[in-house]
A.B. asks: 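The structure is given below, and queries will be raised subsequently.
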Amino acid sequence: MAPPFLFPSTLRDLERDAHGDGDDEPSLRPQNPVAVGALRTADLEEFVKGTSFDLSDKELFCIEEQDVFDRIYSLVRDFTCLPPALKFNLVETLRSNLSVLLPNIDSLSRASMSSPSDGVPITDRIASHRNALKIYSFFLLSIVVAEESAADNCNGPKVAMHGRKKNPVYAWNWEVQRGRIMNLIANSLEVDLSLLFGPGGADEQYLSFVSKCTFVLCENQNVLKDEETRNGLCRIIGAIATKHERMSQTSASVLYLIHKFDFTVMHLVEAVAAAEKRFGDGSLAISLIREIGRIDPKDYVRDSAGADNVGRFLVELADRLPKLMSTNLGVLVPHFGGESYKIRNSLVGVLGKLAAKTFKDVEGDSNAHSLRLRSKHTMLEILIERCRDVSAYTRSRVLQVWAELCEENAISIGLWNEVASVASGRLEDKSAIVRKSALQLLITMLQHNPFGPQLRTATFEATLEKYKEKLEGMEPPSPEKDDLVDDSSLGEVVAGQDESVSDSCLPSSQDQKDQDPTIVDITNLEQIRALVASLEAGLRFSTCITSLMPTLVQLLASPSATDVENTILLLMRCRQFQIEGSEAALRKMLPLVFSQDKSIYEAVESAFINIYTRKNPMETAKSLLNLAIDCSIGDLAALESLVSSLVSKGEISSSTVSALWDYFCFHINGVRPVQSRGALSILCMAAKSSPSILGTHLQDIIDIGFGRWAKEEPLLARTACLALQRLPKEDKVKLISTSSRVFAALQALITSLSLPEKIWYGAADKAISAIYALHPAPEIFAAEIAKKSLISVFSILGTDCVSNENETQNGSMLSSIPATKLGRFLFIISHIALNHLVYIETSVKTIQKQKRKNDKSELTAEDLQADASKNSEAQGINAELGLGATVDIAIESLAEKAEREIVSSGSSEKNLIGHCGPFLAKLCRNLTLLQKFPDLQASAMLALCRLMIIDAEFCEANLQTLFTVAESAPSEIVRSNCTIALGDLAVRVPNLLEPWTEYIYARLRDPSPSVRKNAVLVISHLILNDMMKVKGFINEMAVRIEDEDARISSLAKLFFHELSKKGSNPIYNLLPDILGRLCNQHLKEETFCNIMQFLISSIKKDKQMEALVDKLCNRFAGVNDVRQWEYISYCLSQLTFTEKGLKKLVDNFKMFEHALSEDSVMDHFRSVIAKCKKFAKPDLKVCIEEFDEKLSKVHQEKKEQEATTRNAEAHKQRIGSLEGLMVTKKTVQDNGKSAEEETSDVIDPSMDSNSEDKENMPECSDNICSERSHTSSTFTESEDDSTEAQSARTSRKGVSRSRINKMKEPEESEDSAPIRRVSRRRPAR
């Protein structure tokens, strides 16, 4: 019988004599190992074949024989040196022998019941089986470990390739062999080994070695990629932990793998779940859960990657083993209070998995069902509480879990509205990821809502009212049953179970209520109660979603692209469920088409296509024209961009265009003129990318746009003018040659009074623009229009009054002219002038373009070949002489002359508009007259601004008038127009406007929000486009950050945000100046703090922050105002401090030392210290603490000095009051003294001069004099500030002896001595 085999720590330990188990116990170990590496190839092959033959030919237990054992040991020790074919031979032999041995173990257990047939004692057979099992397992696992180590150190595929080329029959596919070996080892652990190892279980060393090799292999990611090997490893882990009760060691190893290797998490979960399923024992999972629960939460903070892996493990384990996880959840709940948000995220995920899966089991009695419901309710309450977690990641994860529960129909109706309310509140979360999750949760809740396909509040209210009446008629009179059904009982109804009831009982419209048999059949009292409760919950949900519309509109303007995209998706879902206000909110997304973020543009375009164009052509046309009718000016611009883009992409088909023409031409019954105008607007938008659309119906545009329908729909004519401008070039030529009716219609539109006042201006604007776009000689036709308008206005007075310079006479004449006519005349004149300017510039560009084209065409190919050298030489000479630029200079000169002739303010020869200029200027200066006619003043100032834009001399002459009106005009419309005009003038004539910069900024202080908004927009445009320098008045813009109007505040913040992106952030340079100016503006403290906090937050660079520390500290010098100290220190507290910044603060201590006496200043410095401690390293923390102590010490000293100063001042005031009291008493005594009065030796020279002033003062009462007699010595100051002490030894007639004695006591008392000593020392001091 062979000695027992004992597992060594490593393979080579078998060769060592020293053994950990003691020398008295013999063991099987190699005696004569062979140096396999030294054998020749033929000898090695013969050696391996002989060994394999012995293992195959002899009994399974021949491996116990010393010779066979030595040979196998030698081959396994040098296994990596063997060729692939020999490796395959050896591994197959060992594996096949072990696979045959395992069934023999079962047969051995049966043989132990009977007598042995071969005469071998059963104990020897058991020992041989045990030895063989251990030896085979040891050598196979050693081969696996050695081969994997070699694969990590060298290139395995090259060896495999070499083997395949050498002997294709024995191709060495190690992955397959490895998987077979590990599954064979797993089979050996799963058989009944109690007969081999006794009731105590398998050998500890055997299990330890197998476990060690298994977990070493699990650390290799490539090993786990092979499914067969992975399954074998998982089976081994489960068998060792569960069947062989090696729980604590296995749990520790599994946790180590989870913490260190993230790729093992999913596979270890499979192993744990497989062990529970195979052996019916979840002790391994329970042990792991409890070990994770015992870990200190602070350890997870230090090991972030480990916390992430543990979290994933818990979530996946809850998904595979929900019941087991739910029973052991209590050990994990305390980790909700830990600092690691990753663990909290995982616990939230665990609760979600449990709530969705664990409680779906309907087995068990009612008590078990009630217990499950209570447990589920507790978990859901924890999830609701976690929505307020301090970490944004956890809040986001909770909302994602709620969305998953919605998809699983695991939320009860009773809890549905609470979840919706939580999600609604999270829409205002400061973190973008939380808002994204909240939006996605609301989308999911709408999609899976249990209340029906329509969520109109009015429908719910009507249906609920009807069923409440029905319920009241069916309820018994007993009041004890009134409260049987409430939300708590409803909370036990799962949304998925109740969906069919609510959907069938909620009709899509009230017309169906009599046709729905379900409503009629519900006559049971309990069903009616449940339905009423469900309707009430549905009404609350509908109301909750409806109330979100203002918030969603705000989110459309969010700087986060995910906010915008998900908000659009939610609004589309709301529209699908007919939520009130969703349609109007969706229209707010149209301006986002101009966003520079491509994802936002694509989201808007996709939503627009789904809402408006994914219909049949007639419905698409109707939805588009209705959208155009109700749009604002800004929305129309966005709609135009969208429609033109979709036409170019083919999303708006030709059938839709035909349907729009049918609407415009009134080919469809019931079309209203406003719909015709909307259709033409959409067609104009489409013509921007495809101009040929309008050319096919040119006559219809003229007939309908300027015909009788224009009288019913005034805006139709304006839209027709726009359509004429969008015509393609060939259609414009055709229109000019075939029809003069168009220009007559345009002239009539401009000069007639048929259109309403507000609509006429827009129509005349487009009509004049159309004339300049279509007419071959627009200046002649425009002059005719101007003359006709002039005659219609001044027909009573004659046209001479326009150029009359007598302002008094003009004022009397103007009183007889209708203000409406005059306003329209001024608009026509100014708009013609402006269009003429544009026409001149366009003509110049056309001429220059044609000139360049002609220059190129003159040089033919032949000329280039023949006279290439001559041409190049001639061109060089012309370029040197500047002859080539002569024509361009002449063109520009003519253009400038033409522009000056429009107004001709500085010339004696004036054109048509030039004659109107002086009249307009005089009219605008007559503020008294214009105040009576606000509309006329608006038209006049608008016309004046246009002429100023055209002519620089006219502008310079009227700038003061413009600024006067911009500041003092009573109408905010006039002030807004002037403000906008100032921006245009600053672009056109910047040199003239530069001295008036302060007055441009002054518009930011206008009392009207409209004017301030326009001022912010104008100044933002000028500064951001480098048209105006950022001067010292930028503080006015900073004040607008805290404007009472939210729109203005947002625009100001946007301005500074964009300004911070320019260059090296100009805000950094402007900040000290803004701070100084804001300190002198007497703002509220909160307003100042909010402004500076926003401005400082826009500075991101550390170097700029460090430089600001110096600049702000220097501002303490020379400042004695406590309020400025507070403001400067507040700004310091808002900076982001680096180590250098802190050093600069410490170095500048002398600058702000004097301000530390104030508690508020000290509080700001303490916040700086607290902020610095967060990022400081240990050595820096020591310096920070020293600086903190220094600040506190100086603060305390300054406080004590202040207290001393205050006490001294108070004492001085008390002494002064006593002096005054004595002087008063002396005066009283002097006034009442008799002829026998004795005067004192020392006379106060100031008493005579002050006696008259104090005659009217009341006399000091006897009591006061007697009580204060010990301090009655008085101080008198001479002119040289010397102070003398005098005794009041006076007597007066009629005064009692006792009083005289009392008055003499101070002279003799000891208290007078120190007073005299003080009075002697004061002059010297």
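Source: prediction; values computed, not measured. Only this structure's heavy atoms are used, side chains among them; waters, hydrogens and symmetry mates stay out.
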A.B. asks: With a 4.5 Å heavy-atom cut-off, do F954 and L944 have their side chains touching?
C.D. replies: yes

A.B. asks: Could you check if a side-chain atom of F1055 sits within less than 4.5 angstrom of a side-chain atom of L1024, using non-hydrogen atoms only?
C.D. replies: yes

A.B. asks: Side chains of V1016 and M1037: closer than 4.5 Å at any heavy-atom pair?
C.D. replies: yes

A.B. asks: Side chains of S1098 and F1056, heavy atoms from C-beta outward: is any pair under 4.5 Å?
C.D. replies: no

A.B. asks: What's the verdict on side-chain contact (heavy atoms from CB on, under 4.5 Å) for N1080 and Q1124, showing C-alpha distance, side-chain angles and the deciding distance?
C.D. replies: CA-CA 9 Å; N1080 298 323; Q1124 291 195 33; 3.7 Å; yes

A.B. asks: Check the pair L959, L993 against side-chain contact (heavy atoms from CB on, under 4.5 Å), reporting the backbone distance first and the verdict last.
C.D. replies: CA-CA 8 Å; L959 265 180; L993 266 292; 4.1 Å; yes

A.B. asks: Any side-chain heavy atom of V1168 sitting closer than 4.5 Å to one from Q1134?
C.D. replies: no

A.B. asks: Heavy atoms only: give me the nearest A1038-I1074 pair and the separation to one decimal.
C.D. replies: CB-CG2, 4.1 Å

A.B. asks: What is the ring orientation for F963 with W996, classed by angle as parallel under 30°, tilted 30 to 60°, or perpendicular over 60°?
C.D. replies: parallel

A.B. asks: When the ring planes of H831 and F827 are compared, do they come out parallel, tilted or perpendicular, using 30° and 60° as the limits?
C.D. replies: parallel

A.B. asks: Looking at K649 and E605, is there a salt bridge between them, counting it only when a charged N and a carboxylate O are closer than 4.0 Å?
C.D. replies: yes

A.B. asks: For atom CG of L569, decide whether the heavy atoms of other residues, nucleotides or ligands shown that lie under 6.0 angstrom number more than 12.
C.D. replies: yes

A.B. asks: Taking the side chain as everything from C-beta on, heavy atoms only, tell me whether R1115 gets closer than 4.5 Å to P1072.
C.D. replies: yes

A.B. asks: For the residue pair K1111 and Y1068, would you count it as a cation-pi contact if the rule is NZ or CZ under 6.0 angstrom from the ring centre and within 45 degrees of the ring axis?
C.D. replies: yes

A.B. asks: For K1061, what residues pass the salt bridge (charged side-chain N to carboxylate O under 4.0 Å, His left out) criterion, not counting sequence neighbours?
C.D. replies: E1058

A.B. asks: Please indicate whether E956 has more than 12 foreign heavy atoms, meaning atoms of other residues, nucleotides or ligands, lying under 6.0 Å from its CD.
C.D. replies: no

A.B. asks: Do E1106 and K1103 meet the salt-bridge criterion of a basic N to acidic O distance under 4.0 Å?
C.D. replies: no

A.B. asks: What distance do L1145 atom CG and F1137 atom CZ have between them, rounded to the nearest 0.5 Å?
C.D. replies: 5.0 Å

A.B. asks: Any salt bridge linking D951 with R900? Criterion: basic side-chain nitrogen under 4.0 Å from a carboxylate oxygen.
C.D. replies: no

A.B. asks: What heavy-atom pair brings G983 and L1022 nearest, and what distance separates the two atoms?
C.D. replies: O-CD2, 3.6 Å

A.B. asks: Between Y393 and Y341, how do the two ring planes meet: parallel, tilted or perpendicular, split at 30° and 60°?
C.D. replies: parallel

A.B. asks: Assess whether a salt bridge exists between R975 and D1006, defined as any Lys/Arg side-chain N lying under 4.0 Å from an Asp/Glu carboxylate O.
C.D. replies: yes

A.B. asks: Hey, is D1026 close enough to K1062 for a salt bridge, meaning N to O under 4.0 Å?
C.D. replies: yes

A.B. asks: Can you run down the side chain to side chain donor-acceptor pair (under 3.5 Å) pairs that involve residues 960-974, sequence neighbours left out, and say none if there aren't any?
C.D. replies: E972-S1008

A.B. asks: According to the interplanar angle, ranging from 0 to 90°, do the rings of H1154 and F1116 count as parallel (below 30°), tilted (30 to 60°) or perpendicular (above 60°)?
C.D. replies: perpendicular

A.B. asks: For D1147, is there an ion pair with K1144 - N to carboxylate O distance below 4.0 angstrom?
C.D. replies: no

A.B. asks: From R1012 CZ over to D1043 CG, what is the distance, rounded to the nearest 0.5 angstrom?
C.D. replies: 4.0 Å

A.B. asks: Should the pair E899-R988 be classified as a salt bridge under the 4.0 Å nitrogen-to-oxygen rule?
C.D. replies: yes

